[in-house]
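First listed ligand is number 1; within each ligand, the first listed atom is number 1. Computed from heavy atoms alone, side chains included, the values below leave out hydrogens, waters and symmetry copies.
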Amino acid sequence: MSSSFPPPPTLATAHSGLPERLVDLGTESKTRLLSKRTLPESVPRQGELPVLPPDTTRAEFNQAIGELQQILGTEHVDINDKPLVDGWYVEHPNTHDAFHIALQDDLVSSAVVYPGTVEEVQAIVRWANKHKIPIYPISMGRNIGYGGTAPRVPGSVVLDLGRRMNRILNVDAENASCLVEPGVSYFALYEEIQRRGLPLWIDTPDVGGGSVLGNAIDRGVGYTPYGDHFANHCGLEIVLPNGELLRTGMGALPGREGADNPTWQSFQPAYGPYADGIFSQSNFGIVVCMGMWLMPEVGHQSYVITFPREEDFPDIVEIIRPLAQQRVLGNIPQLRHAIQELATTAKPKSDFYTGPGPIPRDVIQQHAATLPLGAVSWVFYGTQYGDAASIATQLDIIRKAFSAIPGAKMLFPEDLPADHYLHSRVHVCSGVPVLRELDWLNWVPNAAHLFFSPIVPTRGKDAQVVHDIVVRLHAKYGFDLIPTLCVAGREMHYIVNIVYDRSSLDEKRRAAACMREMIAEAAAEGFGEYRTHILFADMVASTYSWGDNALMRFNETIKDALDPNGILAPGRNGIWPRRFRGKGWEILGSEVEDAIAGRGIGPKSERKA
Ligand code: EUG
């Protein structure tokens with residue numbers, strides 16, 4: 001392997017860096033991925049730079065930015081006028097979406113600013129109101145597959161909160177909770193808890209570089225019993241679009257002599273309407289600090305159950321439901337497809353199949369047969385928690401339940417070679433953040449990915465409906481189907497990972513068309529997404545239309561009341577402030593493919609013919 005790529009930064013030098021324990025693995029992973037890149041690191045940008053915010057002349061922009069430099073210091077304001085570099089997971093750009101689906105410089109900021117305190121965030125918000133310039137806050141911008149650091153409105157000023165606001169403000173070992181700023185990654189929180197020697201787990205998503213705060217308010221998911229991140233947060237501090245500061249939950253009650261309330265991280269709703277929900281997946285406020293519950297460490301045992309037959313999918317789902325509802329399954333297990341056994345070897349697709357289009361089912365089987373799990377179709381990655389006796393009982397119940405599926409087989413980490421993916425699951429499911437999940441990015445050159453993320457009932461016949469839609473549309477658009485189902489007792493996050501070559505306009509256009517049709521067809525059957533990439537936000541939001549779009553009208557009422565100038569993340573999650581509504585900003589239907597064809601993503605009247 002070539003060694004021409006320098007190691008990524010560590011936590012000692014960057015808030016977004018890797019823990020020391022992962023530097024060698026990270027360097028290998030980065031080198032493996034980037035050495036197959038055929039795209040140049042950057043391409044010359046076109047037109048005058050930076051891209052301006054809407055309704056702002058260059059003179060007005062320069063004047064406004066000068067004021068911002070006065071407020072923050074010039075070293076904390078970067079103008080986005082240099083080449084765009086997609087980078088790598090740990091060294092990701094905060095200028096644009098590294099996994100671009102439209103043109104690389106369609107979704108770009110005019111500038112990136114780095115507030116260091118809550119007061120500076122408030123000052124920036126007041127500045128934005130004065131100049132009517134949209135601002136777009138990110139915690140760490142690792143919302144990969146959903147838009148990363150990119151603002152929805154080109155020319156917005158990105159507030160990178162994480163770079164200078166990355167303190168772990170408190171870890172309360174007795175209450176088993178912490179209080180964090182936006183720049184605290186899972187890696188950083190984990191290392192700090194280890195350093196203090198506390199018997200507490202964090203809960204990490206599949207990859208550990210993301211912001212604990214950012215992921216929770218985007219309602220992300222992890223895999224210990226505390227895997228529903230928003231459900232396990234406790235208390236927020238928020239800068240509102242008018243610059244005021246708000247604490248939710250028990251934090252609204254002042255502590256003794258100006259201290260934080262002692263139950264801020266103990267009780268979520270406090271008194272009165274539970275406001276926290278409207279600050280998740282919204283553009284109603286900037287969350288600058290968040291409490292999070294931590295799980296006391298406990299015994300754990302990970303395992304896989306393999307299923308040889310493709311068509312047993314709905315029956316597997318039927319067996320999962322009661323186990324999850326009874327909490328025999330105590331966390332969020334994943335049901336994956338055999339194709340991931342191939343992809344998590346970090347080998348490219350071309351090692352398995354060089355024909356055109358998706359890799360055929362029998363070719364997947366044929367290669368899977370040579371891998372540790374054998375010629376399987378579906379793989380259930382589970383973990384049980386408790387003391388040894390309790391885990392043994394749970395495993396008996398689970399083994400017995402799944403034995404109804406012909407050929408089902410349970411295997412443990414010691415049954416599999418050291419490099420098998422299950423060993424990575426052992427870490428994730430016991431709160432140790434890792435990088436391994438990035439391996440499937442080697443599947444195609446210049447890989448980017450886009451998630452299609454519908455919520456599906458944990459019921460065989462419903463799951464089959466969505467599965468059939470996804471299978472058919474992936475075949476139609478020529479993509480490999482890479483599904484990961486994150487399962488609970490009543491619903492599953494059926495995550496489809498569209499991996500595409502971002503150097504190919506044709507692949508981008510097909511990926512977008514596939515996404516658009518999956519959203520529409522799933523909605524026609526009554527199924528909707530829990531989260532989506534910013535380019536598809538309007539489309540997904542528009543499917544939640546019950547009662548003549550009652551929900552969107554409600555969201556718009558809140559938006560206009562809190563943000564009358566429409567400065568905070570316009571368009572995020574499909575919510576447009578009054579100033580932008582009715583001007584053709586929404587991207588609906590095939591407009592997304594037009595955007596990819598280079599017609600732009602601004603208001604319709606400004607898009608190229
Ligand atoms: C994954 C899970 C998600 C998501 C995106 C990706 C997993 C990929 C449960 O939510 O939104 C392996």
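Cation-pi check for Arg531 over Phe451 is not met; the charged atom does not lie both under 6.0 angstrom from the ring centroid and within 45 degrees of its normal. Relative to the ring axis of Phe99, Arg502 does not place its NZ or CZ within 45° and under 6.0 Å from the centre.
Nearest-residue assignment for atom 6 (C) of ligand 1 (options Tyr146, Tyr223, Trp440, Phe451; heavy-atom criterion): Phe451.
Taking a cut-off of under 4.0 Å to the non-hydrogen atoms of Arg531, the atoms of ligand 1 that pass are 11 (O). Near Cys486, with a cut-off below 4.0 Å to any heavy atom, the atoms of ligand 1 are 9 (C). Close contacts between ligand 1 and Glu437 involve ligand atoms 12 (C) [criterion: under 4.0 Å to a heavy atom].
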Check your understanding: Between Thr543 and Ile519, is a side-chain contact (heavy atoms from CB on, under 4.5 Å) present by the stated rule, with each step listed?
Key -> CA-CA 8 Å; Thr543 64; Ile519 293 167; 3.9 Å; yes
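Classification of Asp439 and Arg32 as a salt-bridged pair holds, one side-chain N sitting under 4.0 Å from a carboxylate O.
Checking His367, Arg336, His420 one by one against Glu341, the side chain to side chain donor-acceptor pair (under 3.5 Å) holds for a single residue, His420.
In terms of protein heavy-atom proximity, atom 10 (O) of ligand 1 is nearest to Tyr530 OH, 2.8 Å. The nearest protein atom to atom 8 (C) of ligand 1, hydrogens excluded, is given as Asp206 OD1, 4.0 Å; this is a heavy-atom distance.
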